[in-house]
Structures are given as structure tokens and as C-alpha cells.
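Encoded as C-alpha cells, the structure appears first; notes follow it.
Since we're looking at a predicted model, the values are computed, not measured. First the proteins, then the strands, lettered A, B, ... as listed; each starts at 1.
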2 protein chains.
Amino acid sequence: MSNSPTAQRAAVIGLGSMGAGMAGSLLGAGFQVSACDVNPEAVARFAANGGQAAANPAAAAEGADVVVCVVVNAAQTEAVLFGPGGAAETMRTGAVFVSSATMDPAIARRLAARLEETGRHYLDAPMSGGAARAATGELTFLASGTKAAFDAARPALDAMAGKLYELGDAAGQGAAFKMINQLLAGVHIAAASEAMSFAAKQGLDLRKVYEVITASAGNSWMFENRMPHVLEGDYSPKSAVDIFVKDLGIVQDMARAEKYPVPVAAAALQMFLMASGSGMGRDDDASVARLYAQVAGVTLPSPKA
Amino acid sequence: MSNSPTAQRAAVIGLGSMGAGMAGSLLGAGFQVSACDVNPEAVARFAANGGQAAANPAAAAEGADVVVCVVVNAAQTEAVLFGPGGAAETMRTGAVFVSSATMDPAIARRLAARLEETGRHYLDAPMSGGAARAATGELTFLASGTKAAFDAARPALDAMAGKLYELGDAAGQGAAFKMINQLLAGVHIAAASEAMSFAAKQGLDLRKVYEVITASAGNSWMFENRMPHVLEGDYSPKSAVDIFVKDLGIVQDMARAEKYPVPVAAAALQMFLMASGSGMGRDDDASVARLYAQVAGVTLPSPKA
């Protein structure tokens, strides 16, 4: 089916763990998919799985009905669209650009406006869910955009999403919802780390702490998900400290611009910055617990031999 | 059965919404229960339900096998035990004092040591669960103490508890677990409030925010439980702002004494203090969202007429 002349054509920009899974979901759903990445090995793996390798976003987007951009931040997204070899010029008129990076809503609005001037659509669609759910087409998208953008993106979203929230009729709203989630998620990781190392400081049995808290009013999704890393002493990155340095940084920028105080998120950001500055930026974000332990002379569990 | 000469005898000190429910659970399980409270109406209701009214802790504790203390804080607990008309002198030797107030573990250890010197037992047993679960005997206790203390308290705990965590062999450990929970719970309420009013500032649909966040990685037990109060504009106290002024205050005291930094909990405490200082101390703790709204010129939902 992927070689059918009537198949929809999709481009995927960025073949990291998320983008590779999403490209696979699109191939599996019968799309013709072209993709590019700065890492030639990722592109080779994609080609071996039936995708068409492209040299840059412009080449990947040529003739595509939908361009899915799976990069890290706003600057990369802007480069993918409007930089040298960017996708905006080669996307056909009426095609849709699906932007998944977490970014300031004001930037999402600006990118959308600039693309829409050229007759292409922009769907603001940050996502949640890890690489496993990307591979099985079960991501959650927090999307906003015009009806035309949703209509053009829907076949691709159907292939990639387990859950699609339609959050508004303009770019920026999806990004805003994502930032609210990131504010909470970042604070909860920092709070979980503060609490867990404080429990260790008091000599409490940390497995018992995990059992009690996950059954109590102090629980959070992040406490439940991240604190097993501390119990196992395993800080290999599932999600890195620097992700929240970035995302809580965006929260600060947004909040300052709107004259809205975020003292709790600000305190959490400082802890991620301390962890990153101490050399743990690329380690798992539960490393914030290691930072507290280091500062306060607490011993946390060591990794199993 | 409650008049059987072989029935266990229990005293309940404090007949607020929690203590009244616990006294009812004990009566229902066949205990002979005597109780006191500073509020004569609460005592009259208890007597009408088959309990024996007492003038003070000393009178209530006379001849009791177990004394359940359901007061607000460490100072009240100390007064119940060792103040004028206190229970410590009249409890029989070998009886157990079950302390449910949230307090600094160091104080729990000190009260336990002082009582144990007199030949009585002390169970450090802070609890969670509201008045509804107190009434049905389904509270959760975070308990620690000697084997003798647990043995003496077990029949009463069986009557009052849905879940009993046995967290250590000395007073203080139950209190420490409770404080870890309160640190997280307080931070999560402040973070939920910060995020929800920030979402309102950006003009997002708050019911959609609730739907998305409770299904996402940014969720917490407290977000899910408290933010409906903001959606309804209902700040009648289910649990008051001043509870977390107290409990995060204890966290600060403990942490400072142990030279352990708690920057995230400290930021959260300041928000509860601002809410309390602004006149919302006795309102629902979701009022922290109203404080953010007030400071940042945000309109939150009004109560239904």
C-alpha cells in the first residue's frame, strides 16, 4: 500500500527516538514518507524500514501533504521552516506543517502567521508520551489551529495519536496547554526529589516512602514515575535534566512577559539549573534528588552491581 | 455489647469532625468510650450517640485501655498529656496513647519518651483521610512505636483504620512520613494554583485544562482533588489554607534544624502565607489560586448563583 500512487505523502523532520517512531507509524498507516535528520545513521535506519531519505527539510517536504516536525525547540523549528534548506518554500500550497516541539505560545503564533502568509497551514501540536508510544502510534497531542490545518493533518494524526485534544482554533493554544503541563511536571519532579532526599536524611526506608506516598494525597504522576529511578540508583537518562532547564525556562520567559509571578516554578527551575551546572544536565531528571543529597550529605541508594 | 463488663475502654480527646467520627467507629466496634472537647455541643452530640461525656482529658482517660488524641498540633497534644487536667496521670499503667496530630518528629519523640517514663505507651499515629472516612472507620494511619504500643492500640486501630502502615519501632517515624507527605501535598496545591491561574491569565478554557492535566504527566492527587473548587468558584473550606501554613511551617523548622534546604517547599509556604495574610486563612486551600489571580489581574470562575 505504501507505493500506491494515491497514498498521502508525509515528511518527517527529525528522526530521534520520537520522530523515528512517528515516521514508522506513518509508514505503517500507508503513507509515503520522506524524512531527514542531521544524524546519517538515523536516516539509514529509516530508509531500511521503507522510508525515503532526504538531504534536508526542503527536500523531505517536496510534494508532501503533511510535514511533521519533531525537533527539540523553537529555534530548531524556525530553522526547519525558514532557514537555509527549509521546508516552507517546498511544501505545496495547502499542505500542513505539524509542529511538535515545546515552545513559548507567542513563538508558535509568530511561526504560524509567517507560514500562513504563504498559503500553507500550521498545526500547533506539542505532544506527550515517550518513544514507546511514538512507535505504536499512541501519542497524545495537545493541538490547536485553524479548521483547515486540522483537516489537512488529520490522516497523519490518526496514524500517530492515541489521543488528540483539539484545544482551540489558533496556533499558540496547544503550546500554552503544554507549558501549563510542563510547569506542573517540572515542579513535581523537583518536589519529589526534595522530599525523597529529605526522607533519606531522616533515615526513613525509601521503599516504604514510595509505597506510602503513592497511596496518599502527596502523590503525583511524576513522583510515581521518577522516584523508582532514585530507589534503583539508576540515573541513565529516560528524560534529561536539561529538558526541564529548557521547559521551566520557557515558563519563566512567558510569565515574566505577562507580569505573572511563578515563585514555585522559579524555585524548581533553580534546582534543575543547579543539577545541570553540577554536571548532571544529560542525566535523568531524577538526578535533582542526587543534587539535594550531595548538598545535604545524604546517601541515596546505589545502583545494583 | 457496649455495656459488656469485658468491653475495652477507649477515651477520645477532641470531638471535631475527625474525632467525632473516630469515637463513633469505636462505639460501633463495641468499645466503652468516654470523650471530651472544649465545645460542649460536640460533647452533647457524642453523649446522645451512646458515649460517656468527660470534663477533661484526665477524666476521659481514667481507666481507659487506649487514649486517642485527635487535636490540631503538637502544643495541644502536649497539653492533653501533661497540662492541667491532662491524661498522662490518669491513664492506667500499660495503656497506650495514640497521637494523631501532625507534628515535628522530634516533638513526637520527646512526648513519647516523657510518657514512656511513667509506664504508659505512646503510638505516633498521624492519619490521612477526611471526616467521611473517619465516620466509616476507614482512615489511613502512618504509625510507629514499640511493639507494646502497637499491641495495646491494635483493637482501637482495627475499629478506626481502613489502612494501617507500620513504619517503625519508635515514635517519630510516623510523624516523619506524614511530614514528607505534607511537603509534597502543600507544594502540589501551590503549584496547581500557580498553574491554574496562569492558564486563566492566558485565556485558556479552565475545564479543558483540568481535563488535559488530569490525563497527563503534570497531574497530582492535589491538582485533581482541589482544582474543581477553582472551577466552581467554591472556596468554602474543605481543608483550610492555615493547615498548610502550619504543616509547611513544620517542614521548614525540621529542615532548618537538619541543615537541609527545601527551596520548593519554602516557595510554596510563602504563597500559603500570602493567602492567609490576605484574609483567606480559614478558606479552602485552593484559595492560593485566588491569591495568584488577585496579584496578576486574572479573573477566575465565580461561584454559581
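- If you take CD1 on A/Ile180 and CG on B/Leu206, they are separated by 9.0 Å, rounding to the nearest 0.5 Å.
- Side-chain atoms of A/Asn181 come within 3.5 Å of backbone N or O of B/Gly218 as a donor-acceptor pair.
- Between chain A and the options B/Asn225, B/Val298, B/Val209, B/Leu184, the largest number of non-hydrogen pairs under 4.5 Å is found for B/Leu184.
- Contacts of B/Val262 with chain A are made by both backbone and side-chain atoms, with heavy-atom separations under 4.5 Å.
- Your options are A/Ala217, A/Ala190, A/Ala199, and the one with the most heavy-atom pairs under 4.5 Å with chain B is A/Ala217.
- Counting heavy-atom pairs closer than 4.5 Å to chain B, the top residue among A/Phe223, A/Trp221, A/Tyr292, A/Phe198 is A/Phe198.
- The candidate with the highest count of non-hydrogen atom pairs below 4.5 Å against chain B, out of A/Ala185, A/Pro263, A/Ala296, is A/Pro263.
- Using a 4.5 Å cut-off between heavy atoms, B/Ser193 contacts chain A through its backbone alone, with no side-chain atom that close.
- Contacts between A/Leu183 and chain B at a heavy-atom distance below 4.5 Å involve the side chain alone, from C-beta outward.
- Most heavy-atom pairs under 4.5 Å with chain B: of the set A/Gln270, A/Gln182, A/Lys201, this distinction falls to A/Lys201.
- Contact record, B/Lys208 with A/Glu166: CE-O, 3.9 Å, taken as the closest heavy-atom pair.
- Heavy atoms of B/Glu211 lying under 4.5 Å from chain A belong to its backbone as well as its side chain.
- The residue among A/Ser220, A/Gly203, A/Pro261 with the most heavy atom pairs within less than 4.5 Å of chain B is A/Ser220.
- Comparing B/Ala255, B/Pro105, B/Ala192, B/Ser197 by how many heavy-atom pairs each has under 4.5 Å with chain A, the most go to B/Ser197.
- With hydrogens and angles ignored, the 3.5 Å screen pairs a side-chain donor or acceptor of B/Tyr260 with a backbone N or O of A/Glu194.
- If you tally non-hydrogen atom pairs under 4.5 Å between each of B/Met254, B/Gln173, B/His188 and chain A, the highest count goes to B/His188.
- For B/Met271, the part lying near chain A is the side chain, with the backbone staying farther off; criterion is any non-hydrogen pair under 4.5 Å.
- With a 4.5 Å cut-off on non-hydrogen atoms, B/Thr140 does not touch chain A at all.
- With a 4.5 angstrom heavy-atom cutoff, B/Ile189 does not touch chain A via any of its atoms.
- If you tally non-hydrogen atom pairs under 4.5 Å between each of A/Asp205, A/Val187, A/Asn219 and chain B, the highest count goes to A/Asn219.
- By number of non-hydrogen pairs under 4.5 angstrom with chain A, the leading residue of B/Ser216, B/Gly297, B/Ser128, B/Ala266 is B/Ser216.
- Highest contact tally toward chain A, considering only B/Ala215, B/Gly129, B/Ala195, B/Ala268, is held by B/Ala195 [criterion: heavy-atom pairs under 4.5 Å].
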